[in-house]
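Below: one structure, written as structure tokens.
Reminder, nothing fancy here: chain letters follow the sequence lines and each chain counts from 1. Worth knowing before you read on, the calculation uses all heavy atoms, side chains too, and leaves out hydrogens, waters and symmetry mates.
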Amino acid sequence: MTASRDTDDAAQNPQQTSDRPRPLRTPSNEHDSLKYHLLGPSLTKAGQDTVDQHKVSEVIYNASKGSKFFNNEEVKDKNLTEKITKILAKRRQLEQLDVASDLRRADDYIAELELTRDLSQAIVHIDCDAFYAAVEELDRPELKDVPMAVGKGVLTTCNYHARRFGCRSGMAGFVAMKLCPQLICVPMNFAKYSAKADEVREVLALYDPGFESASCDEAYLNLTKYCEDHSMDPQEAVSQLRAEVHEKTKITVSAGIAANAKLAKICSNQNKPNGQFYLPSDRQTIIDFMKTMPTRKVNGIGRVFERELDAIGVKTCGDIYAHRAYLSQLFGQKAFQFLMQCYLGLGRTTIQRAEDYERKSVGTETTFKELQSPDALRDKLRHIAEELEGDLKRTEYKGRTLCIKIKLYTYEVHTRQTTPPFAIHKADDLYKYSLPMLEKLMKEIPNMRLRLMGLRVTHIVTTKKPGIDFFGRVKISATATKNTTTANGRDWEVWPEEEFEEAARQERNDEMNELEKLSQEYEQQQQHIVDTDGKTDQETVAEEQWTCPICALQQPPNDATFNAHIDFCLSKQTIKEVVKSTTPPTLDASKTVQKKGKRGRPKIETLASEQQAREKRRAFFSPGGA
DNA sequence: GCGGATCAC
DNA sequence: TATGGTGATCCGC
């Protein structure tokens, strides 16, 4: 029972070349894994090379020991250790069985993936170096030469001087001060960073107008066209881009140039700060590059998954191959697919403009000094509801589902959700429908003491003015006239291809939007509640004949019986059926806009040839399938 | 669909 | 003394 994990073990077993998985190891030492976990989520970030991680780990451990936060981390670590024990037991069991068919499936999948490999694009990932800290240093040059961090309580980022002491983003301020007593912490000023980010983006747009903002300080570009137009090497182009960014904004950026977004992201980290790394778009070069790449360097593999993979002997992306027969069973199909793409160095080559991104939720949460009294908790909830109302107003959304999140003083997190009868956005409604959830939680958890509370709406619909509404009434808006669409004329086929997706998306949005409105009006009329917004619709209704999409009855839209008629028809047909029946027939599922997470865990991507093979694989991986 | 967990920044 | 906020995805049930 002496086996430890992480770096120690690597020294003992430096080579793992066998095609068979290495022998199982005894469960890791809890103490070590916890210490490693406490090092934080940004361990692999640049600037830590010269740091004595063991020493840093000790400082963090001792600073944290005994705190509620620490205790919770300990619990989580213990749970993970248990989970890993189960994973190892499951693999031991799988090893007793015949893995030939699993192996063949994995190899088939690899062959299939290989067909999707696209080496024709020059994808670039741009990452601003210690962005917030760099912006602060521009304002206060004296901070340039001393350890400095942005953020109070928890560091959001820190400069490279601070990193040499072991300070990192996500680290508690007081822990950072233990590591580096002379650390200067400056408060966040998001407006400032945002303005500077716009300056940077202005330059990026010169190189690829369709570039993708991955976050405030990160972007993906496709430089293929730029290089063609200017007869330039991707490396030259990126050198020039970085120089231009620095010249115009005084911000240094690092860049990765590769065949796809996943590789480019890894590459941008190679020569940080203020450097660039080019990975030639050659299959063997890519495979070799990934072979020695620690799993943790891949976007999407964090502390937990890293440890799970480590437990079965996978430290680098190259190690994945030897374990391919087990991965699906041990971690699920999605993880299997993701890992195989890591091994092969595959990733998306499509870059999506930020404007094309559709958000899926809007929420707000806040940490506070421990609260316990029901009255105080209700007050807090009310306050958060008002905050969320403001956010929803700004973003122009309403939500069909409302989620409440609480964090106990022990750092234990719970969430509850409910679906109000209509999409909501007003503080009164947000409060009204979240309060019962809070009350229920207070019942379930006696003497509930909280340190955080949050609200979030999902299944959102825009409240932006639509061009044409659900019932075909023309509304006055900028977009209504743009495409010369008539009230009942939907000439989808003749639309230019590039407008199709946007139009389809807008159409669905409009329908959902109007549906929400109708649904809400319907609910409120049922409850005899006066809706002051109700008039707006009628005021903007066009003065022309209207045809009911449900029963085809024709009548003037402003007729007094109009709303009554809608109610009547709706009462005969459920909302869902209405949506179905009014979806444009030309909407092909394969043409729908690919949705992509912006921040957050990267979605496991489905590559091109998978589209055709999807059905096949579904049977393939289904329980007892094949 | 719900709740927990993980991940990125 | 003391460990964030926003948004997304995946899994098991």
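Taking atom C1' in both C/dG4 and B/dC7, one finds a spacing of 15 Å when rounded to whole Å.
At least one side-chain nitrogen or oxygen of A/Thr419 sits closer than 4.0 Å to the OP1 or OP2 atom of B/dC2. Taking 4.0 angstrom as the limit, A/Lys265 places a side-chain polar atom (N or O) nearer than this to OP1 or OP2 of B/dC9. Considering only side-chain N and O atoms, A/Tyr357 lies under 4.0 angstrom from the phosphate OP1 or OP2 of C/dA8. OP1 or OP2 of C/dG5 lies within a sub-4.0 Å distance of a side-chain N or O belonging to A/Thr367. Look at A/Arg456 and you'll find a side-chain N or O under 4.0 angstrom from OP1 or OP2 of C/dG7. The side chain of A/Arg451 places no N or O atom within less than 4.0 Å of a non-bridging phosphate oxygen (OP1 or OP2) of C/dA2. In this model, the phosphate group of B/dC9 is approached by a side-chain N or O of A/Asn299 to a distance below 4.0 Å at OP1 or OP2. OP1 or OP2 of B/dG4 has at least one side-chain nitrogen or oxygen of A/Thr415 nearer than 4.0 Å. An OP1 or OP2 oxygen of C/dT6 is reached within less than 4.0 angstrom by no side-chain nitrogen or oxygen of A/Arg359. Close to B/dG3, at under 4.0 Å from its OP1 or OP2, lies no side-chain N or O of A/His414. The side chain of A/Thr366 contributes no N or O atom lying less than 4.0 Å from OP1 or OP2 of C/dG4.
Using a 4.0 Å heavy-atom cutoff across all strands shown, A/Thr157 reaches no nucleic acid atom at all. Using a 4.0 Å heavy-atom criterion, one finds that A/Ser67 contacts the bases of the nucleic acid, with or without backbone contacts as well. Nucleic acid contact for A/Phe70: none, since no nucleic acid atom lies under 4.0 Å from a heavy atom of the residue. Backbone-only contact: A/Thr364 has heavy atoms under 4.0 Å from sugar-phosphate atoms and none from a base.
A/His125 has its NE2 atom 11 Å from the C1' atom of B/dA8, to the nearest Å. The interatomic distance linking A/Phe305 (CZ) with B/dT6 (C1') rounds to 11 Å, in whole Å. To the nearest angstrom, P of B/dC7 lies 8 Å from CD of A/Glu308. When the P atom of C/dG5 is taken as reference, atom NE2 of A/His383 falls 13 Å away, rounded to whole Å. In this structure, the CZ atom of A/Arg400 is 11 Å from the P atom of B/dC2, given to the nearest Å. Put simply, NZ on A/Lys440 is 12 Å from C1' on B/dG3, counting in whole angstrom units. Between the CE atom of A/Met437 and the P atom of B/dG3 there is a distance of 9 Å, rounded to whole Å. In this structure, A/Lys68 places its NZ atom 11 Å from C1' of C/dT1, rounding to the nearest Å.
Among C/dA8, B/dC9, C/dT3, the nucleotide with an atom closest to any side-chain atom of A/Glu218 is B/dC9. Of the candidate nucleotides B/dC9, B/dT6, C/dT6, C/dT6 has the atom nearest to the side chain of A/Lys405. Listed nucleotides: B/dT6, C/dT3, B/dG1. Nearest to the side chain of A/Ser64: C/dT3.
Both A/Asp217 and A/Lys76 sit near DNA chain B, but only A/Lys76 has its closest nucleotide nearer the 5' end. When each of A/Thr395 and A/Lys407 is assigned the nucleotide of DNA chain C with its nearest heavy atom, A/Lys407 is the one assigned upstream, toward the 5' end.
Listed by first and then second residue, the ring pair (Phe, Tyr, Trp, His ring centres under 6.0 Å) pairs that reach into residues 167-186 of chain A come to none, sequence neighbours excluded.
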### Task
Using the salt bridge (Lys or Arg N to Asp or Glu O under 4.0 Å) rule, take A/Asp32 and A/Lys35 through it: C-alpha gap first, then chi angles, then the decisive distance, then the call.
CA-CA 5 Å; A/Asp32 286 349; A/Lys35 280 186 181 177; 5.7 Å; no

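Residues forming a salt bridge (charged side-chain N to carboxylate O under 4.0 Å, His left out) with A/Lys192 (at least two apart in sequence, or on another chain): A/Glu136, A/Asp139. Residues satisfying the salt bridge (charged side-chain N to carboxylate O under 4.0 Å, His left out) test with A/Lys76, not counting sequence neighbours, are A/Glu73. Taking the side chain to side chain donor-acceptor pair (under 3.5 Å) definition, one finds that A/Asn71 meets it with nothing, sequence neighbours left out. A search for side chain to side chain donor-acceptor pair (under 3.5 Å) contacts involving A/Asn159 returns A/Glu137, not counting sequence neighbours.
Ring planes of A/Tyr61 and A/Phe70: perpendicular class, angle over 60° (limits at 30 and 60°).
The shortest side-chain heavy-atom distance between A/Lys272 and A/Asp129 falls under the 4.5 Å cut-off.
Taking the six-membered ring for Trp, A/Phe331 and A/Tyr326 have ring centres at least 6.0 Å apart.
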Just the table, please: protein N/O against nucleotides 11-13 of chain C N/O, every pair under 3.5 Å.
none

